[in-house]
Amino acid sequence: MAVNLTKDAIALVSNGEADLKPVLQVADIRLVNTVQNSAERYRMLLSDGSHTQQAMLATQMNHVIKSGKLQKGSIVQLTEFICNLIQSRKIIIIINLEVIVERCDPIGEPNQYVDGATSGLTAPQGRASLPAQSSSMGQPGAAAVHAQTYGGSLASGHVTGQNVTGASPLNQRAESGAIPHSYGTSYAGGPVSGRGVTTGATLHPKAEPDVRLPGASGSYNNPPQYASNHNQTSSIPGIPGGPRPLSNTYGRPVQSNYQQPPPMYLNRGPIAKNEAPARIIPIAALNPYQNRWTIKARVTGKGELRRYNNPRGEGKVFSFDLLDSDGGEIRVTCFNAVADQFYDNIEIRKVYLISKGSLKPAQKNFNHLNNEYEIFLETTSVIQPCLEEDNSIPKQQFNFRTIGDIEGMESNSMVDVIGIVSSINPSSTVMRKNGTETLKRTLHLKDMSGRSVELTLWGTFCNAEGEQLQGMCDSGLLPVLAVKAGRVNDFSGKTLGTISGSQLFIDPDFPEALRLKEWFNRDGKNTATISISRDTSTLGRNEIRKTVSQIKDEGLGKSEKPDWIIVKATVSFIKVDNFCYTACPLIVGDRQCNKKVSNNGDGTWRCERCDRTFPECDYRYLLQMQIQDHTGLTWVTSFQECGEEIMGISAKDLYLMKYEEQDDTKFGEVIRCVLFTQYIFKLKVKEETFSDEQRVKTTVVKAEKVNFSSESKFLLSLIDRLQVQDASLIPGRSAAHMVSDSGVAAAGFGNRQGSYPANNSVGTSTSERYAMASVNHVEHSTAYPVELFPERFPQTNMCKGIHFLGRTTKFGFLSFWLGTLTQGIQLQKKMKNKDLKPAAYHDKSSRKIPIALLFTLLCGFSFYLGGLFCSDKNKLLINGITRAAHSPKEASLVSLQAKPVVFPECSSDYQDYTPCTDPKRWKKYGSHRLTFMERHCPPIFERKECLVPQPKGYKTPIKWPKSKDECWYRNVPYDWINNKKSNQNWLRKEGEKFLFPGGGTMFPRGVGAYVDLMLDLIPGMKDGTVRTAIDTGCGVASWGGDLLDRGILTVSLAPRDNHEAQVQFALERGIPAILGIISTQRLPFPSSSFDMAHCSRCLIPWTEFGGIYLLEIHRILRPGGFWVLSGPPVNYKNRWRGWNTTVEEQKSDYNKLQKLLSSMCFKLYNKKDDISVWKKSSDNSCYDKLFIPDAYPPKCDDSTEPDAAWYTPLRSCIVTPSKEFKKLNLESTPKWPDRLHIAPERISTISGGSAIAFKHDDSKWKVRVKHYKTLLPALGTDKIRNVMDMNTEYGGFAAALIDDPIWVMNVVSSYGTNSLSVVYDRGLIGTYHDWCEAFSTYPRTYDLLHLDGLFTAESHRCDMKYVLLEMDRILRPNGYVIIRESNYFLNSISMIAKGMRWGCQKQNTEYTMEKEKILICQKKLWSPSNRSL
């Protein structure tokens, strides 16, 4: 492809040419670090064939280099750029560009451009010649510009001295001799000191047509156009409104900045005496080093005039927010006399010209705008209203986030949200902590994300907007509400609240609002949503319809986690003696205190928590009730919000009615209205200890009166689901008792919002746990469809009808529901007009006639349906899955049959496909705390049904232990680390291999000496005390690899980021690793798992966001465990120069880190050179201090489950070690290897878990593994290194292989029994996972996959086909699979495996059991064809 570079483009750009979009060649690219934050910046050398000029790439364009599209030799066209003068050197700042040719040979023999070198150049026609240098602020400044060699320091330059000038000509046509006034910019992080410093910038502003500068010649016929995306983030050097670039994988919160070119409003700014007109500049271009500026912006928000009192005296303050035409936002603050001067002149939505203010860093505690500065006005400041409306400036700017996104946001984050108001409560008065009263009103918003959230309106919002919303909701109109600047709270779930700067828009004319309204009218009215408010621990749990009797029959609540169920029941009795308690009305933060208060005896009340006395208390419900359905009754407790939903009156009003007014008649009427009313209860069931006695407590989380229309739709939907055999949703039936009829295409693809896991039997082996679903139990269970066994039943219509009635209780369950209604009517008749106490159970004879009639009707209806649907054939075909039974004997061994299928190859673009961490989908997710790098799995319609190919030239991996030091280049063909970290010896390429010298950022001379020093600091690493470790930001896992030789098993953790394939390198070497990032969700490990955690300059901002990342390390670290940090700010006295910072900054960071660690009960254990070691306290006295009010970090409340770690948001609270376990701390844990075969304390928390069960499991797996080795001789040899046990219980499989040269990743189902803590207590490693989703690893990373009863356990949730395809993705070519499974599934597995090019053989178990078989498979090594999809 022939490409012509733009002639003399370097000279034209350097001399201020604005209308140019030059085509240039990239002569060189280098990575540099800025001074302020060590973020990645790329420096380039641009060529036009004749000259070269240095350039810097804006950080928002870094992805072009990282993707490999932009490289040395590329031909590019600059579409947006700025030319700055930095330290007497011209630098082109590239904001946007297009790559025309990715790679091209060098064109011409260019030289470094020097001003004046091309004196023969003439200005473009119609444009006056521009001087090579112009002076700043009217001062002569003809300083020569000296060309400097490429490679000099740009990002860290320091400009010092007095009256330093360096202005560049503006992109305006000015006559020769006219002095354009530039506004200064600060470059990339170079500190500027001295007086009178100005740095000019060549800008490319939009100009209004036919507008001329005074005395200028020519006209703008074709002004450059620039797109403005108000919600897009970018990084423009020198513009302080933009964010700093990201620092490695962990950066500070990314703030938006704005597209650089502003509109020009010439000759309209305020004119100072003896000064030229000030130019209007964009808000994004403001910085503290400018003396003269004018901005034109619209007021989008205005705060109240507030009075304050501090040690310096009293004062008053108000602020207002500005928005300009380029989307730039900034806050303006006025104090005292200035506030009086301007308060009445500022009106919301008006446009003003503002000048002469000072810029200071924004106080982010009070300022939510995306700008690091705010303006402080002075008495000399000028605010001039614009009489003409300017439509180029938006009325308001939003960055809407879905309610689903709010789940993962930090407390006190500011967010814009839009949703449908589904309900609203009347306003109430609450008392603040300072003794003043304020109004409060709560409402609920829902949106298309399937989530709803509680929004609290405070103060004046309760009146105007609140009353309007109340009126609309009361009239049946559910409006759209947009909230600007709502604050996120995480007290008992995620909620939103208004602040003084919030704005509410009711039924706005926004495109988002119209889409939302259209969705609501079409589908949203009948769409159920999950509330993220009140109790986030209920999200994603087993919220399935149950009957009352099942609470006891299934032992709900007796596991370590509470059970969350939904029950339809009738309130049959209410305790009326103590239905409420007296509560503290004070506001603590954004929430009411609600602690119980005591009566002082003088008419006042006292709260011990708040240490305050007040004249009136609040009253909150504490209801004790009996609820009843057709299966039984149970006691439940209901608190305030649910109590109000049930009683229909506030606790205070009911208390006054009973005790003050003593109106027993009215009080009794309120109670009678509640009794015998049916509700849909959402219940939390958990076993708790009362007076040393274990009792199951049931708490009402939500209660709604039965809506018979909705309930009918629900029952009909159950019938629809039953048509495809999705029995997991039937009240009274456990899905574990039935294998899904749809087999490979099982209904209900697993995801954390909509899947309902089975209630698994626990305490036995995986196969035994799910034996109730095995085929050999069919004779003793009615859980299977009777059509599977046609020989056992006469084929008459009557029998068909009865079969249909009993068929998986498809219609049988309806008799229970209708029976409930009949029973409720009879019970209500029996108990009406009684004394509100439960009567003796009703006489059965009273039900004979309606029940007999009902049974007769159902039998007749079933007879009719049986004739329609039952088949006299011996086969039932559903969704391509055939169940066949040919004889009574074979019926006991009936199996699932799948149609033959052949899977195509994926295209070569998917050779390193990681579905849930796919960079191609990152742009769909937020950048806050790098959320986009977390797990985001594709929906089912985006899932790939093809085989992931290996890279071209792939070879069988090198065997262990040689693989620790080298791997084939073609297996992991990535050069980024080799190119960028070559001086640190991470790895190096030699021939066809990558070699791993064992270096790292903090140990470039080798990891061995680094670990030797660590062993001196932590003696427990030598004697088996320390066994499990986690390495955050692991690089190529050299640290974890070295520890393997020292008996320490390490989980190396890194995200998929610009450090290409860190985890893939680790696994290719045979070192345990997993994809992951500490961002907004917990790591997938239980609490108190690891003996040690390590960070070697991992660049995680440990002290940011209230230390929330350190709190997660604290959670997963065992009491007495060690946290090791090497890198900034450790050893700052000697290292600070290499970190591009100052010794003062590093000292401050270190002190802040030390203070934060101390508050979390860490103590500095040892320190030497670059390594500091802290030890997590195992002393409960330290954690007891967390109960002190206002302590930070606070202790997590009871709603926070310590081990919940699958899509569980991080919490800004500390998980304290359980006092129940005496041997949990590291000093008391048995040393390795003794701990491997000793039953851990925490096994007692598992239902059915005990020391005896543990020993049985240990012995059982020794026998099984011995049998496996006879079936698969490669097991135990160097042919198998990386092993995964896909659904372990206690880690018995891994323990039995401990003497072989392998390591095992133990996976515990996120929906099954939580036994992962036992795995870690044994000194093994593992992770939580849901096999309905892709695993967090690269393709081709495991040599052996082992699963025991996985499909029996998960087939009701997960599609077998996708699970097997995921296994194929992560399995290496020539790798093995051991599938221990019910014979029911093996034929289908074999058929699908054949379509994936696996070779399989069915084998007997060690005891030759017919009900269970073993399938040994091997994945073939195949070469990708040209037919890949």
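As the structure is a prediction and not an experimental result, all values here were calculated from the model.
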Next item on the list: Can you spot which of Tyr1109, Tyr1165, Trp1102 makes a ring-ring contact (aromatic ring centres under 6.0 Å, His included) with Trp1123?
Entry: Trp1102

Next item on the list: Evaluate the side chain to side chain contact (heavy atoms under 4.5 Å, CB included) criterion for residues Lys1022 and Asp1016: first the C-alpha distance (whole Å), next the side-chain angles of each, then the deciding distance (0.1 Å), finally the verdict.
Entry: CA-CA 9 Å; Lys1022 302 176 184 178; Asp1016 293 338; 3.7 Å; yes

Next item on the list: Could you give me the CA-CA distance, side-chain angles and deciding distance for Asp28 and Arg30, then say whether salt bridge (Lys or Arg N to Asp or Glu O under 4.0 Å) is met?
Entry: CA-CA 7 Å; Asp28 199 1; Arg30 295 187 185 181; 3.3 Å; yes

Check: So, Asp1091 side chain and Gly1121 main chain: donor-acceptor pair closer than 3.5 Å or not?
Finding: no

Note to self: Let me confirm one number: the CE-CG distance from Met1021 to Leu1015, rounded to the nearest 0.5 Å.
What the structure shows: 4.5 Å

Check: For Lys993, does the NZ atom sit with more than 12 other heavy atoms under 6.0 Å from it, leaving out its own atoms?
Finding: yes

Check: Cation-pi between Arg988 and Phe994: NZ/CZ under 6.0 Å from ring centre and within 45° of the ring axis?
Finding: no

Notebook entry, point to check: Is there a donor-acceptor pair closer than 3.5 Å between any side-chain N or O of Thr1229 and the backbone N or O of Asn1225?
Noted result: yes

Margin query: Can a donor-acceptor pair be found, under 3.5 Å and without considering hydrogens, that links the side chain of Arg921 to the backbone of Phe932?
Written below: no

Check: Just by distance, with hydrogens left out, do Gln1081 and Trp1206 show a side-chain donor and acceptor under 3.5 Å apart?
Finding: no

Checklist line | Validation row, ring centre Phe1122 to ring centre His1094 under 6.0 Å | finding: no

Check: How long is the gap from OH on Tyr1328 to OH on Tyr1207, to the nearest 0.5 Å?
Finding: 15.0 Å

Check: Side chains of Ser1038 and Tyr1010: do they bring a donor and an acceptor to under 3.5 Å?
Finding: no

Check: If you look at every heavy atom in Leu1153 and Pro1129, which pair is closest and at what distance?
Finding: CD2-CD, 4.2 Å

Notebook entry, point to check: Within the distance-only criterion (no hydrogens, no angle test), does the side chain of Glu1112 pair as donor or acceptor with the backbone N or O of Leu1083 below 3.5 angstrom?
Noted result: yes

Checklist line | Electrostatic pair Lys1231:Asp1023 at N-O distance under 4.0 angstrom | finding: yes

Margin query: Restricting to non-hydrogen atoms, name the atom on Val1215 and the atom on Pro1202 that form the minimum distance, rounded to 0.1 Å.
Written below: CG1-CB, 3.6 Å

Notebook entry, point to check: Is a side-chain donor-acceptor pair under 3.5 Å present for Ser1177 with Asp1179?
Noted result: no

Checklist line | Criterion side chain to side chain contact (heavy atoms under 4.5 Å, CB included) on Leu70 and Met44, from CA distance to verdict | finding: CA-CA 11 Å; Leu70 179 61; Met44 303 167 59; 4.1 Å; yes

Check: Taking the side chain from Arg1082 and the backbone from Ala1204, do they hold a donor-acceptor pair closer than 3.5 Å?
Finding: yes

Notebook entry, point to check: Is there a side-chain contact between Phe1090 and Ile1113 (heavy atoms, below 4.5 Å)?
Noted result: no

Note to self: Between Cys967 and Phe996, is there a side-chain heavy-atom distance shorter than 4.5 Å?
What the structure shows: yes

Margin query: Determine whether a donor-acceptor pair (N or O, by modelled atom type, separation under 3.5 Å) exists between the side chain of Asp1170 and the backbone of Gly1127.
Written below: no

Checklist line | Residue pair Phe1085 / Arg1115: nearest heavy atoms and the distance that separates them | finding: O-NH2, 2.9 Å

Next item on the list: Compare all side-chain heavy atoms of Met61 with those of Val64 and state whether any distance is below 4.5 angstrom.
Entry: yes

Margin query: Donor-acceptor pair, distance only, cut-off 3.5 Å: does the side chain of Lys989 make one with the backbone of Leu995?
Written below: no

Notebook entry, point to check: Taking Ser1336 as the fixed residue, which of Arg935, His1329, Glu934 is the one that meets the side chain to side chain contact (heavy atoms under 4.5 Å, CB included) rule?
Noted result: Arg935

Next item on the list: Answer yes or no: does atom NZ of Lys962 have more than 12 heavy-atom neighbours from other residues, nucleotides or ligands under 6.0 Å?
Entry: no

Next item on the list: Dump the intermediate steps for salt bridge (Lys or Arg N to Asp or Glu O under 4.0 Å) on Asp1321 and Arg1235, then the final yes or no.
Entry: CA-CA 7 Å; Asp1321 288 347; Arg1235 65 194 282 187; 5.5 Å; no

Check: Taking atom types as modelled and ignoring hydrogens, do the side chains of Ser1126 and Arg1097 form a donor-acceptor contact shorter than 3.5 angstrom?
Finding: no

Next item on the list: Could you tell me whether the side chains of Arg1118 and Ser1178 share a donor-acceptor contact shorter than 3.5 Å?
Entry: no

Check: Is the backbone of Leu1017 close enough, under 3.5 Å, to the side chain of Asn1166 for a donor and an acceptor to pair up by distance?
Finding: yes

Notebook entry, point to check: After noting the C-alpha distance and the side-chain angles of Arg1069 and Asp965, does the key distance pass the salt bridge (Lys or Arg N to Asp or Glu O under 4.0 Å) rule?
Noted result: CA-CA 7 Å; Arg1069 299 175 67 186; Asp965 301 319; 5.0 Å; no

Next item on the list: For side chain to side chain contact (heavy atoms under 4.5 Å, CB included), just list the numbers for Met1092 and Ile1018, CA-CA rounded to whole Å, side-chain angles, deciding distance to a tenth of an Å, and then say yes or no.
Entry: CA-CA 10 Å; Met1092 180 167 64; Ile1018 309 174; 4.0 Å; yes

Next item on the list: Return the minimal non-hydrogen interatomic distance between Val1051 and Tyr1320, and the atom names on each side.
Entry: CG2-OH, 4.1 Å

Note to self: So which atom in Ser1087 and which in Asp1203 form the shortest heavy-atom distance, rounded to 0.1 Å?
What the structure shows: OG-OD1, 2.5 Å

Notebook entry, point to check: Between Thr1080 and Glu410, do the side chains contain an N or O donor and an N or O acceptor separated by less than 3.5 Å?
Noted result: no

Notebook entry, point to check: Do Thr1050 and Pro1072 have side-chain heavy atoms sitting under 4.5 Å apart?
Noted result: no

Note to self: I need the single residue from Ser1052, Cys1098, Ser1096, Cys1095 that forms a side chain to side chain contact (heavy atoms under 4.5 Å, CB included) with Cys1034. Which is it?
What the structure shows: Ser1052

Check: Can you check whether Tyr1150 reaches Gln1146 side chain to side chain, under 4.5 Å on heavy atoms?
Finding: no

Next item on the list: Ignoring hydrogens and angles, tell me if any N or O in the side chain of Arg929 forms a donor-acceptor pair with the backbone of Ser1079 under 3.5 Å.
Entry: yes

Item checked: Minimal non-hydrogen separation, Gly1323 against Arg1027, with atom names -> O-NE, 2.8 Å

Next item on the list: Evaluate the side-chain proximity of Ile1325 to Val1319: yes if any heavy-atom separation is below 4.5 Å, no if none is.
Entry: no

Checklist line | Donor-acceptor pair, side chain of Asp1169 and main chain of Ile1171, under 3.5 angstrom | finding: no

